[in-house]
Amino acid sequence: MPGISGLRAWWAERPPAAGAAVMATGIVSVALHLTGYETLSLVFLWLGCLAWLALAADFCARLVWRRQRWLADAGTPGSLTAVAATTVLGTRLSLLGRQTLAEEFLAVAVLLWPVLLYLVVRRWERRMPGAVFLCCVATEGLAVLAATLAAAEAAAWLAHAALVLFWLGLVLYCVALPRFDPRQVWRGSGDHWVAGGALAISALAGAKLLAADSVRLYLWNDDDEGVLRDMTGALLVLCLAWYAVLLVAEVARPRPGYDVRRWATVFPLGMTAAAVLSGAIVLDVPWLRGLGRVLVWVAVAAWLAVAAGAVLDARAGIRARR
């Protein structure tokens, strides 16, 4: 059938960065959960899971039947969205009480992370778009999911593993920063927002590590907790600063029209909201919760706008390939 053949042709050209759609949908679900909108959060969760299953099937199909295409895609920074998307959905599933399923998502992400990270980092260049920070996002995503599971299951070893990943993610951010082309702030097509999103997920990881501590675990002494608090607070300030800079750049130089990399804009918007809401609790700064609620709806509005653009773009693409 012409319609089906057009759909297949369009899907075959899907870039690895399409995984950012799952990242964006998953983190919006988490942010809505943190603000108490459980039903709407579950809608986003199911949409994210369906998209993840479709992308996972395509990932496996390319690995088995189109090995050269898989290797070419795996070497691009966008391939790390596979790890990040898996950890974000796993985190939401853990918050839902589905710990076994969340553990399975963590296992998948842990298996993918070193392979894809190696393939991506070895192809780094001097001046890169914001996707270069996905090395940090994927690593901090593992930290967030591991810390969330540690709190849910009182598993100290998972919390300590998350702490290592937290610091490693910050190191990778520092390594990636000199390779980021600052002109992308004015010229980027959407993934330049990951520069701030990477700090936001790092702040969320710090908040999750602080929240994981309890009388059952006693994970951190006073010095450790003090360092985590200071670092989490600093990361929140930095990610909000990036948010402001990137927002001003978008207003000063609008970039209308749909681009798949716009999903990488929605993800930092949602991640910043989730980080602020979580930070408000562990850092005991009540006014941050009001800011976080506002940022959640900004992220939802951005998700709806990009989703509408994606539907129209897919429709046009399928027609063009019939």
*Is there a donor-acceptor pair under 3.5 Å between the side chain of S41 and the backbone N or O of Y37?*
no
_Distance check, rounded to the nearest 0.5 Å: L177 atom CG versus L172 atom CG?_
12.5 Å
*side-chain contact (heavy atoms from CB on, under 4.5 Å) partners of V285, counting only residues at least two apart*: L283, W287, L288
*Do any pairs count as a ring-ring contact (aromatic ring centres under 6.0 Å, His included) and have a residue in residues 85-105, sequence neighbours left out, and if so which ones?*
W52-F105
_Qualifying residues under side-chain contact (heavy atoms from CB on, under 4.5 Å), relative to A301, sequence neighbours excluded_ = none
*Would L47 and W303 satisfy side-chain contact (heavy atoms from CB on, under 4.5 Å), going step by step from the backbone distance to the final call?*
CA-CA 12 Å; L47 287 173; W303 188 96; 4.0 Å; yes
*Show your reasoning for whether side-chain contact (heavy atoms from CB on, under 4.5 Å) applies to V137 and L80.*
CA-CA 8 Å; V137 172; L80 286 169; over 6 Å; no
_Flag, side chain of T35 to backbone of L32, donor-acceptor distance under 3.5 Å_ = yes
*Nearest atoms (heavy-atom pairs only) where L111 meets P114*: O-CD, 3.7 Å
*Within a strict 4.5 Å, meaning less than it, do heavy atoms of the L96 and L42 side chains meet?*
yes
*If you look only at pairs with a residue in residues 166-185, which of them pass as a ring-ring contact (aromatic ring centres under 6.0 Å, His included), with sequence neighbours excluded?*
F133-Y173, F133-F180
_Treating W242 as the side-chain partner and A200 as the backbone partner, does any N or O pair qualify as donor plus acceptor under 3.5 Å?_
no
_Check for me, please, whether V22 and L50 land in the same ILVMFWY cluster - side-chain distances under 4.5 Å, paths through other members count._
no
*asked:* Main chain of W186, side chain of R253: is a donor-acceptor contact present, judged purely on distance under 3.5 Å?
replied: yes
*asked:* Does any part of the side chain of V194, heavy atoms only, come nearer than 4.5 Å to the side chain of F267, both counted from C-beta?
replied: no
_What I'd like to find out is whether the side chain of L93 reaches to under 4.5 Å of the side chain of L45, using heavy atoms alone._
yes
*May I ask you to test the L291-L240 pair for a side-chain heavy-atom distance under 4.5 Å?*
yes
*Any chance you could lay out the side chain to side chain donor-acceptor pair (under 3.5 Å) test for R262 and T265, step after step, and finish with the verdict?*
CA-CA 5 Å; R262 271 303 178 191; T265 298; 3.0 Å; yes
*Could you list all the salt bridge (Lys or Arg N to Asp or Glu O under 4.0 Å) pairs where at least one residue sits in residues 120-134, not counting sequence neighbours?*
R127-D181
*Between L158 and L106, is a side-chain contact (heavy atoms from CB on, under 4.5 Å) present by the stated rule, with each step listed?*
CA-CA 11 Å; L158 260 180; L106 178 60; 4.0 Å; yes
*Output yes when a side-chain donor or acceptor of R255 lies under 3.5 Å from a complementary backbone atom of G188, and no otherwise.*
yes
*Separation between CG of L116 and CG of L119, rounded to the nearest 0.5 Å*: 6.5 Å
*Determine, using the 4.5 Å side-chain heavy-atom cutoff (strictly less than), whether W263 and L304 are members of one ILVMFWY cluster.*
yes
*asked:* For a 4.5 angstrom cut-off between non-hydrogen side-chain atoms, does R62 reach D58?
replied: yes
*Walk me through it: do T25 and W46 pass the test side-chain contact (heavy atoms from CB on, under 4.5 Å)?*
CA-CA 9 Å; T25 306; W46 284 113; over 6 Å; no
*Quick one: does L95's side chain get under 4.5 Å of R92's, heavy atoms only?*
yes
*About how many Å separate CZ of R98 and CD of E104, when rounded to the nearest 0.5 Å?*
9.5 Å
*Can you find a pair of side-chain heavy atoms, one from W220 and one from V227, that are under 4.5 Å apart?*
no
Residues 139-154 side chain polar contacts: donor-acceptor under 3.5 Å, at least two apart:
from, atom 1, to, atom 2, distance (Å)
T139, OG1, W113, NE1, 3.0
T139, OG1, C135, O, 2.8
E140, OE2, L170, N, 3.4
E140, OE2, S202, OG, 3.3
T148, OG1, V144, O, 2.7

*Does some side-chain heavy atom of L134 sit less than 4.5 Å from a side-chain heavy atom of M23?*
yes
*Take atom CZ of R229 as the centre, draw a 6.0 Å sphere, and report whether it contains more than 12 heavy atoms from other residues, nucleotides or ligands.*
yes
*Under 3.5 Å, is there a donor-acceptor pair between the side chain of T232 and the main chain of A203?*
no
*May I ask whether L269 and V248 are part of the same hydrophobic cluster, defined by side-chain heavy atoms of I, L, V, M, F, W, Y residues being less than 4.5 angstrom apart, directly or through others?*
no
*CG-CG distance between D259 and D313, expressed to the nearest 0.5 angstrom*: 8.5 Å
*Separation between CG of L295 and OH of Y243, rounded to the nearest 0.5 Å*: 4.5 Å
